[in-house]
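Just so we're on the same page: letters track the sequence lines, and every chain starts at 1.
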There are 2 protein chains.
Amino acid sequence: MKRAEGRSTCPTNFTVETFGDSWSLLIMRDLLTLGKHTFGEFLRSEERIGPSVLADRLARLERSGIIVRTPSETDARKVTYSATERGIAAIPLLYEAARWGMGGVPIEQDDPWEAVMAMDRHDVLDAWQQAVREGGSLLGGAESAFARLSARVRAVV
Amino acid sequence: MKRAEGRSTCPTNFTVETFGDSWSLLIMRDLLTLGKHTFGEFLRSEERIGPSVLADRLARLERSGIIVRTPSETDARKVTYSATERGIAAIPLLYEAARWGMGGVPIEQDDPWEAVMAMDRHDVLDAWQQAVREGGSLLGGAESAFARLSARVRAVV
DNA sequence: GGCATTGACTTTGATCATCAAAGTGACTTA
DNA sequence: TAAGTCACTTTGATGATCAAAGTCAATGCC
């Protein structure tokens with residue numbers, strides 16, 4: 001992305017300047033949806049991001065106040081990344097990106113996104129944001145927002 | 001954007017492959033929010049897009065089934081572009097992009113986005129989609145979705 | 001303690017997209 | 001007919017991205 005920044009004060013343009021490249025939104029996906037937190041985890045993205053672009057984008061997201069990096073207490077080589085409140089505020093954007101994208105990819109058996117989109121949007125976003133604040137994510141791990149929402153549905157039936 | 005396409009079947013990735021560049025979402029903004037329809041109108045974007053990138057992106061969006069181009073009946077030079085249903089389905093994404101972006105730009109006096117975001121999200125999206133189907137947009141012109149919603153609010157008070 | 005592995009990057013060089021500016025050909029208007 | 005307008009296309013410089021290799025520090029195992 002070669003475009004000069006600050007080309008306008010339009011909010012949409014600001015979002016495009018932050019996420020309008022090939023990789024930043026995918027990194028946010030891996031962080032907020034799958035619960036990835038380390039450089040190595042992000043590197044193992046489905047789309048095969050390279051180390052130089054990953055390092056660049058993480059630095060940019062950090063500079064923009066969207067993520068923070070914390071050295072690991074148990075391993076001096078490791079850094080963990082997590083979302084700020086500003087990063088968490090991008091969850092509805094991620095939700096809509098996934099929703100729109102579902103119209104363009106083959107629906108796979110047991111696709112979690114399908115189940116997520118069948119739930120109440122407001123409930124999903126609330127549970128997602130809460131899970132992220134507690135160190136979780138939408139889909140990653142047993143304590144995911146999705147697992148909690150599904151358990152809730154099961155408890156009602 | 002140099003990334004190979006089809007790097008994964010993830011819906012988010014699909015959306016990124018469609019809109020994850022510096023310009024495509026801004027073109028959608030101009031079409032759906034401001035009601036721009038011609039090459040020349042898009043060229044006069046606030047961000048000063050150039051003719052070669054504009055032509056390339058319009059062709060891409062058309063190829064993806066998001067917009068259609070129609071030769072003008074009154075002027076053989078003119079082409080008008082409008083959104084397909086697939087394009088209209090990106091309205092919630094545009095809404096969330098604007099909403100997130102508002103957290104990063106100075107709030108200006110009489111900013112229409114502020115008024116829009118103060119309205120019920122569901123009402124906004126419905127009115128916006130309907131306006132676009134009828135040839136209108138969110139903010140452009142007297143028959144905009146925003147004007148209609150504002151008149152509704154005024155009628156209630 | 002030495003060695004192999006791992007973690008987070010950085011470097012390298014080829015490739016490609018983007019940028020700004022100028023140009024093109026067809027159409028419209030005065 | 002000449003000038004202006006429309007939707008592009010072309011040109012050449014620049015910078016970002018890509019894939020692969022490398023670097024340095026930390027960890028774990030023998």
Side-chain angles (χ1 to χ4, degrees), chain A residues 1-8 13 16-28 30-31 35-64 67-82, chain B residues 1-8 13 16-27 30-31 35-64 66-82:
Chain A
M1 178 145 98
K2 206 162 158 175
R3 248 189 55 187
E5 295 196 340
R7 281 202 175 214
S8 81
N13 180 61
V16 165
E17 285 180 1
T18 307
F19 295 118
D21 66 279
S22 310
W23 294 108
S24 298
L25 209 56
L26 294 181
I27 293 170
M28 295 303 287
D30 287 356
L31 174 63
K36 296 186 179 187
H37 287 283
T38 68
F39 193 91
E41 284 176 322
F42 292 121
L43 210 44
R44 289 186 296 274
S45 74
E46 225 180 323
E47 294 78 23
R48 285 165 283 116
I49 189 172
S52 51
V53 174
L54 177 57
D56 177 67
R57 295 298 189 280
L58 286 170
R60 283 200 211 174
L61 291 171
E62 192 195 356
R63 208 159 51 234
S64 301
I67 61 173
V68 289
R69 48 181 289 149
T70 313
S72 165
E73 293 179 345
T74 54
D75 184 337
R77 297 167 301 183
K78 274 190 186 277
V79 177
T80 67
Y81 295 90
S82 45
Chain B
M1 178 144 97
K2 201 164 163 176
R3 250 188 53 190
E5 295 196 341
R7 281 201 174 213
S8 80
N13 180 60
V16 165
E17 284 179 4
T18 307
F19 294 119
D21 67 279
S22 310
W23 295 107
S24 298
L25 209 56
L26 294 180
I27 292 169
D30 287 356
L31 174 63
K36 296 188 180 186
H37 286 283
T38 68
F39 194 91
E41 285 176 321
F42 291 121
L43 210 43
R44 290 187 295 273
S45 73
E46 225 181 322
E47 292 78 21
R48 283 166 282 119
I49 188 172
S52 50
V53 174
L54 177 58
D56 177 66
R57 296 295 189 284
L58 286 171
R60 282 199 210 173
L61 290 170
E62 191 195 357
R63 209 161 48 236
S64 301
I66 294 165
I67 61 174
V68 289
R69 49 180 288 151
T70 313
S72 167
E73 293 178 349
T74 54
D75 185 335
R77 296 167 304 181
K78 274 190 186 276
V79 177
T80 66
Y81 295 89
S82 45

Main-chain N/O of [Y] paired to [X] side chain as donor or acceptor, under 3.5 Å:
X     : Y     : result
A:S45 : A:I49 : yes
B:K36 : B:E41 : yes
A:R48 : A:R44 : no

To the nearest Å, how far apart are [X] [atom1] and [N] [atom2]?
X     : N      : atom1 : atom2 : result
B:E73 : C:dT28 : CD    : P     : 13 Å
A:L26 : D:dC18 : CG    : P     : 11 Å
B:D21 : D:dA16 : CG    : P     : 16 Å
A:R3  : D:dT17 : CZ    : P     : 14 Å
B:F42 : D:dC6  : CZ    : C1'   : 15 Å
A:L58 : C:dT10 : CG    : C1'   : 14 Å
B:E41 : D:dT5  : CD    : P     : 15 Å
A:K78 : C:dT5  : NZ    : C1'   : 13 Å

Nearest-nucleotide comparison on DNA chain C, the residue closer to the 5′ end among B:S22 and A:F39: A:F39
Only one of B:R60, B:R3, B:R57 passes side-chain hydrogen bond (donor to acceptor under 3.5 Å, both in side chains) with B:D21; say which it is. B:R57
With the side chain counted from C-beta on, respond yes when [X] and [Y] share a heavy-atom pair under 4.5 Å apart, and no when they do not.
X     : Y     : answer
A:S72 : A:D75 : yes
A:V68 : A:E62 : no
A:D30 : A:L26 : no
B:L31 : B:F42 : yes

I want to check one thing: is the phosphate of [N], taken as OP1 and OP2, less than 4.0 Å away from some side-chain N or O of [X]?
X     : N      : value
A:Y81 : C:dG7  : no
A:W23 : D:dA16 : no
B:R69 : D:dC8  : yes

Where do N or O atoms of nucleotides 27-30 of chain D meet protein N or O atoms at under 3.5 Å, pair by pair?
unit_1: D:dT27; atom_1: OP1; unit_2: A:A76; atom_2: N; d: 2.9

Please identify each residue that fulfils side chain to side chain donor-acceptor pair (under 3.5 Å) with B:R69, with sequence neighbours left out.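 B:R69 satisfies side chain to side chain donor-acceptor pair (under 3.5 Å) with B:Y81 only.
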Students often get this wrong, so: under 4.0 angstrom with heavy atoms, is B:T38 touching a base, only sugar-phosphate, or nothing? sugar-phosphate
Residues touching DNA chain C, which here means a heavy atom under 4.0 Å, drawn from residues 43-56 of chain B: B:P51, B:S52, B:V53
